[in-house]
J.: 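Have a look at this one before I ask anything.
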Number of protein chains: 2
Amino acid sequence: MTTPTLTKNQSLVFDVLTKAEAPLSAYTILDKLRDHGFRAPLQVYRALDKLLEYGVVHRLESINSFVACAHPDENCHSHGLVAFAICESCGQVIEFHDHEVDHRLMDWLKSQKFKAEKSTIEIRGHCASCAA
Amino acid sequence: MTTPTLTKNQSLVFDVLTKAEAPLSAYTILDKLRDHGFRAPLQVYRALDKLLEYGVVHRLESINSFVACAHPDENCHSHGLVAFAICESCGQVIEFHDHEVDHRLMDWLKSQKFKAEKSTIEIRGHCASCAA
DNA sequence: TCAATTGCGTTATGCTATAACGTGTGCGAT
DNA sequence: ATCGCACACGTTATAGCATAACGCAATTGA
Ligand SMILES: [Zn+2]
Ligand SMILES: [Zn+2]
Ligand SMILES: [Zn+2]
Ligand SMILES: [Zn+2]
């Protein structure tokens, strides 16, 4: 369950994501790392694949972007769904977990004999600051 | 709230989606409509935009594809979230609604003073038939 | 030492989506 | 009637996202 030591490229990508204040696309990450020798998208995508596998980064499907996990210590992800509220003005992402939602969804899926593997729960809108 | 009369292009795209047994990408739709005079992606995307606006088609963010609404008559979408279970083997999509999940998510968002506008709930996995 | 695994770099390619321009048609206001 | 506007449409070009396929180097473990 513990995260393996990150390689150089993985560390660079992870650092960029942890310092960012909003989700980043793979190509934005690439641009930020050109000074560190990155030249091609694959260098970013390969690092992201590993970081996603380790659970320290999340992919936001609805905006084709990536964000560092907001709860790196809790290993909450192993036993529950993750949901994201994404502000369309400032880009801020709130990551949250709710076991009641989890169980409700899981029960429904079970009733359909559907074997869940990956889940995406993303709410786009405006955060408290941006809602005006 | 009633759906306007569809234009020719909108009807063609909608028909392709309703006859399909799995979600289709915009470019797959384009290929299926070349015989009907479609030549460029924009013809598909413009029709899809309208169909999405009318609520008769859904976009599946996690697989960049589109599917006809499974509950065209209920106007359930206006007052609740929609969730999808997507089989990664056969492509079958089960569309469902659950008010308890809705309310739970909405309550949480309200507590964060987050103003929700669009939501995405997609579960990928394997359907009863494909789960082997 | 040899084979298998893993990470890395590069080039090329494919898939997804939109920008920008111009045309034609219908329809209400003048 | 005709002007102005909104809307659908067609086309070309471009932007943005993601992976295939190749080869090399370092690591590991038998
Ligand atoms: Zn997380
Ligand atoms: Zn905001
Ligand atoms: Zn629907
Ligand atoms: Zn299936």
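Proteins get letters first, then strands, A, B, ... in listed order; numbering begins at 1 in each. Since the model is a prediction, treat every value here as computed from it, not as a measurement. Values below: every heavy atom of this structure, side chains too, minus hydrogens, waters and symmetry copies.
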J.: Assess the side chains of A:R59 and A:T120: does a donor N or O sit below 3.5 Å from an acceptor N or O?
T.: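 Short answer, no.
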
J.: May I ask you to evaluate whether A:N64 reaches the phosphate of C:dT16, defined as a side-chain N or O under 4.0 Å from OP1 or OP2?
T.: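 Checking C:dT16 against A:N64, no side-chain N or O comes under 4.0 Å of OP1 or OP2.
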
J.: Hey, does the side chain of A:T7 come within less than 4.0 Å of C:dG7's phosphate (OP1/OP2), counting only N and O?
T.: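 Answer no for this pair, as no side-chain N or O of A:T7 is under 4.0 Å from OP1 or OP2.
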
J.: Rounded to the Å, how far apart are A:R46 CZ and C:dG9 C1'?
T.: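 Rounding to the nearest Å, CZ of A:R46 and C1' of C:dG9 are 7 Å apart.
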
J.: Under 4.0 Å between a Lys/Arg side-chain N and an Asp/Glu carboxylate O for A:R46 and A:D49?
T.: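 No salt bridge links A:R46 with A:D49.
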
J.: Rounded to whole angstrom units, what separation is found between the OH atom of A:Y45 and the P atom of C:dT13?
T.: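 That distance rounds to 19 Å.
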
J.: Under 4.0 Å between any heavy atoms, over every strand shown, what does A:R39 touch: base, sugar-phosphate, or nothing? Just pick one.
T.: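 The answer is sugar-phosphate, as A:R39 gets under 4.0 Å only of primed atoms, P, OP1 or OP2.
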
J.: Between B:Q43 and B:A40, is there a donor-acceptor pair closer than 3.5 Å when you use the side chain of the first and the backbone of the second?
T.: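 Confirmed, B:Q43 side chain pairs with B:A40 backbone.
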
J.: With a 4.0 angstrom cut-off to heavy atoms of chain A, pull out the first and last contacting nucleotide of DNA chain D, in 5'-to-3' order.
T.: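 Terminal contacting nucleotides, 5' to 3': D:dC17 to D:dA21.
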
J.: Report the distance from atom CD of A:Q43 to atom C1' of C:dT6, rounded to the nearest whole Å.
T.: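 Those two atoms, CD and C1', are 16 Å apart.
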
J.: Over how many whole Å does the gap from B:N9 atom CG to C:dT25 atom P extend?
T.: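 Rounded to whole Å, this separation is 16 Å.
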
J.: Side chains of A:L105 and B:F96: does their closest heavy-atom pair fall under 4.5 Å?
T.: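 Side chain of A:L105 against side chain of B:F96, heavy atoms only: contact under 4.5 Å found.
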
J.: Is there a side-chain polar atom (N or O) of B:Y27 under 4.0 Å from OP1 or OP2 of C:dC15?
T.: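 So the side-chain polar atoms of B:Y27 never come under 4.0 Å of the phosphate oxygens OP1 or OP2 of C:dC15.
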
J.: Just how far, in rounded Å, is P of C:dT6 from CG of A:L42?
T.: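 Rounded to whole Å, this separation is 18 Å.
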
J.: With nearest nucleotide decided by heavy atoms, which residue, B:S65 or A:G37, maps closer to the 5′ end of DNA chain C?
T.: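 Final value for this comparison: A:G37.
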
J.: Any sub-3.5 Å donor-acceptor pair from A:E122's side-chain atoms to A:I86's backbone N or O?
T.: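 Such a contact is absent between A:E122 side chain and A:I86 backbone.
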
J.: Rounded to whole Å, please give me the gap between CG in B:L24 and P in C:dT16.
T.: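 Roughly 11 Å, once rounded to whole Å.
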
J.: Just the rounded figure in Å: distance from P of C:dC15 to CZ of B:F66.
T.: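 Atom-to-atom, B:F66 to C:dC15, this comes out as 16 Å.
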
J.: Using the rule ring pair (Phe, Tyr, Trp, His ring centres under 6.0 Å), only one of B:H71, B:H58, B:H103 pairs with B:H97; which is it?
T.: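 For B:H97, the ring pair (Phe, Tyr, Trp, His ring centres under 6.0 Å) test succeeds with only one of B:H71, B:H58, B:H103, which is B:H71.
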
J.: Apply the side chain to side chain contact (heavy atoms under 4.5 Å, CB included) test between B:F66 and each candidate in B:L24, B:L60, B:L52; give the one that qualifies.
T.: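 Among the candidates, only B:L52 passes.
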
J.: Let me know the distance between CZ of B:F38 and P of C:dA17, rounded to the nearest Å.
T.: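 Value for this atom pair: 16 Å.
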
